[in-house]
Each structure stands twice: as C-alpha cells, then as structure tokens.
Amino acid sequence: MDTAARQHRRHVGMRIIKTVIAVFVCGMLAWVREASGFYSMIAAVVCVQNTAGKTIESSINRMTGTLIGGVAGVLMVYFMDVLGILYIEPARYAVLSLMLIPIIELCLAIKKPGSAAMACIVFLCVTVNHSVGDNPVIYSIERLFETLVGVALACGIDILLPHQTPPAAQQSAPPDQGEEKHPEEEAPEEEQAPDGGREP
C-alpha cells in the first residue's frame, strides 16, 4: 500500500466501539425486560465521550436534565388537566413552549447549562406524548429508569475499556507525518446550552 493510501486510511476508534457496545447491551437488557430500549440507547450514545471524565460529566448532566424535565412534565400535565386544556392542542403547545423558559433558567441557576437540552426533551416527551388514560407519573419514572440504565452502562463501559486507539491502526500513519488524528478521537465541541452558553 502506497503512502497516499495509508495517509487517508481510517480506523474505528475506541469511542465508537464503546458506543456500539453500550447501545447493544441497552438493547439486550430492554429485550430481557420486554420493554423499549430507545431512551436508554439514546442516553448511551450521548454520554460516551472521548475520556472517562467527560463521560461522567455528560452522564451527570443527562440525569439532572431527566429529573428536572420529568418532574416539570408531570406537574404540567396535571396543571393543564385541571385547566381543561390538556387535549386542546393550540393551547397546550403554547403553554408547553412557554414552559421551556423556566426549565432552561432553572438549569442555568443550578450551574448545569449542559442539562438544559435534556430537561427540555424529557419535559416534551412527557407532555406531548401524553394521551388519554396515560399516567404521567408512571411514564416519567419509566423514562428516568431507562435513561439511568443507559447512563450507567455508558459510564461502566467507558471506564472498563481502554481509551487508546488499537496499535495496529496507529502504525498505519506515515512515519514522516506522525500519528493522524481521527475525528472520533478528537475532543468534541462543547455542548451548546439553549441560552447560548457553553457546558462547563
């Protein structure tokens, strides 16, 4: 293989491998429980970062956001039900959209801007997906549990498996150019909080 071919050769980094393993394990656990693994899989994909420290920080943000969004969602469903607008779509969407403001402000107030997006997502999951006969408390608890499973697996797999790229792949880089840095091994851009701030 010539130098040009070696230079442009890509390999699957450890961050990708860890993500794949975490998602697979989430799916298998959901299959055993006869439940949907969607939310745990999403949490695993989002939480796995290129270092153990960043993975733990990302996981804390996800759990914080899930708690805030879940509680706010349950309270809002009951509030809209009392007002009689739970199933009046224009009024419900107007209220839900406005409620994102205090949710984001709360995340900023507790110094967790990185959890704002997840809080809004879970809040909308609980309130928008709610249908007649659903119990919002049970739904929120299920989402919280599924997210916790994904976060725990992401942290565990990220800590147990190494962070370095396989040596064979590293040797493929030309000696005169040194080790080529691949996109999945680079530090990701800081997560943009909804207010324009950046995750610490």
Side-chain angles (χ1 to χ4, degrees), residues 13-16 18-19 22-23 25-26 37-80 92-130 136-163 181 183-200:
M14 283 304 300
R15 182 179 176 186
I16 295 177
K18 293 175 183 181
T19 302
V23 169
V25 175
C26 286
F38 176 75
Y39 289 95
S40 60
M41 289 177 171
I42 294 299
V45 169
V46 174
C47 286
V48 175
Q49 300 294 321
N50 60 337
T51 67
K54 290 182 179 179
T55 295
I56 294 174
E57 180 181 356
S58 176
S59 300
I60 293 173
N61 283 332
R62 270 35 185 208
M63 286 307 304
T64 303
T66 301
L67 284 170
I68 293 174
V71 172
V74 171
L75 295 176
M76 184 51 54
V77 167
Y78 282 123
F79 178 71
M80 290 189 296
R92 176 166 67 152
Y93 294 147
V95 172
L96 299 185
S97 300
L98 291 173
M99 272 300 298
L100 297 180
I101 298 175
I103 289 175
I104 294 172
E105 289 295 332
L106 175 59
C107 294
L108 297 178
I110 64 174
K111 311 288 187 191
K112 289 291 182 182
S115 65
M118 180 59 70
C120 293
I121 290 172
V122 174
F123 172 77
L124 293 174
C125 283
V126 174
T127 53
V128 175
N129 290 336
H130 179 78
V137 175
I138 295 177
Y139 182 87
S140 298
I141 292 175
E142 289 175 349
R143 297 294 79 77
L144 178 61
F145 175 75
E146 290 172 7
T147 301
L148 177 60
V149 170
V151 168
L153 287 173
C155 286
I157 291 172
D158 190 57
I159 292 173
L160 291 175
L161 295 182
H163 287 274
K181 200 169 188 178
E184 70 272 9
E185 299 300 331
E186 295 177 350
E189 294 184 0
E190 294 180 1
E191 183 176 355
Q192 185 76 26
D195 71 322
R198 292 199 176 269
E199 179 177 341

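When a residue number appears, it is its place in the shown sequence, counting from 1.
- Expressed to the nearest 0.5 Å, how far CG of Leu160 lies from CG of Leu153 amounts to 10.5 Å.
- Scanning all heavy atoms of the two residues, the minimum distance from Cys155 to Ser59 falls at SG-OG, 3.1 Å.
- Rounding to the nearest 0.5 Å places CG of Leu75 at 11.0 Å from CE of Met80.
- Residues meeting the side chain to side chain donor-acceptor pair (under 3.5 Å) test with Tyr78, sequence neighbours left out: none.
- Between Lys18 atom NZ and Cys47 atom SG the span is 13.5 Å, to the nearest 0.5 Å.
- Residues forming a side-chain contact (heavy atoms from CB on, under 4.5 Å) with Leu106 (at least two apart in sequence, or on another chain): Ile68, Ile110.
- Listed by chain and number, the residues in a side-chain contact (heavy atoms from CB on, under 4.5 Å) with Ile138 are Asn135, Glu142 (sequence neighbours excluded).
- Note: Cys26 SG to Ile157 CD1 = 7.0 Å, rounded to the nearest 0.5 Å.
- Side-chain contact between Arg62 and Ser58 is present, with at least one heavy-atom pair separated by less than 4.5 Å.
- In summary, of the residues considered (Leu161, Asp158, Thr55, Val48), a side chain to side chain contact (heavy atoms under 4.5 Å, CB included) with Arg15 occurs for Val48 alone.
- Remark: Leu67 pairs with Leu144 by the side-chain contact (heavy atoms from CB on, under 4.5 Å) rule, at least two apart or across chains.
- Note that the NZ atom of Lys112 and the CD atom of Glu57 stand 7.0 Å from one another [nearest 0.5 Å].
- Ser40 and Glu146 make their closest contact through CB-O, 3.0 Å (heavy atoms, listed as atom of the first residue, atom of the second, distance).
- Formation of a donor-acceptor pair under 3.5 Å by the Ser97 side chain with backbone atoms of Tyr93 is found in this model.
- Leu96 places a side-chain heavy atom less than 4.5 Å from the side chain of Phe123.
- With rounding to the nearest 0.5 angstrom, the CG atom of Asn61 is 12.5 Å from the CD1 atom of Ile56.
- Residues that satisfy the side-chain contact (heavy atoms from CB on, under 4.5 Å) test with Val77, not counting sequence neighbours, are Leu86, Val126, Thr127, His130, Pro136.
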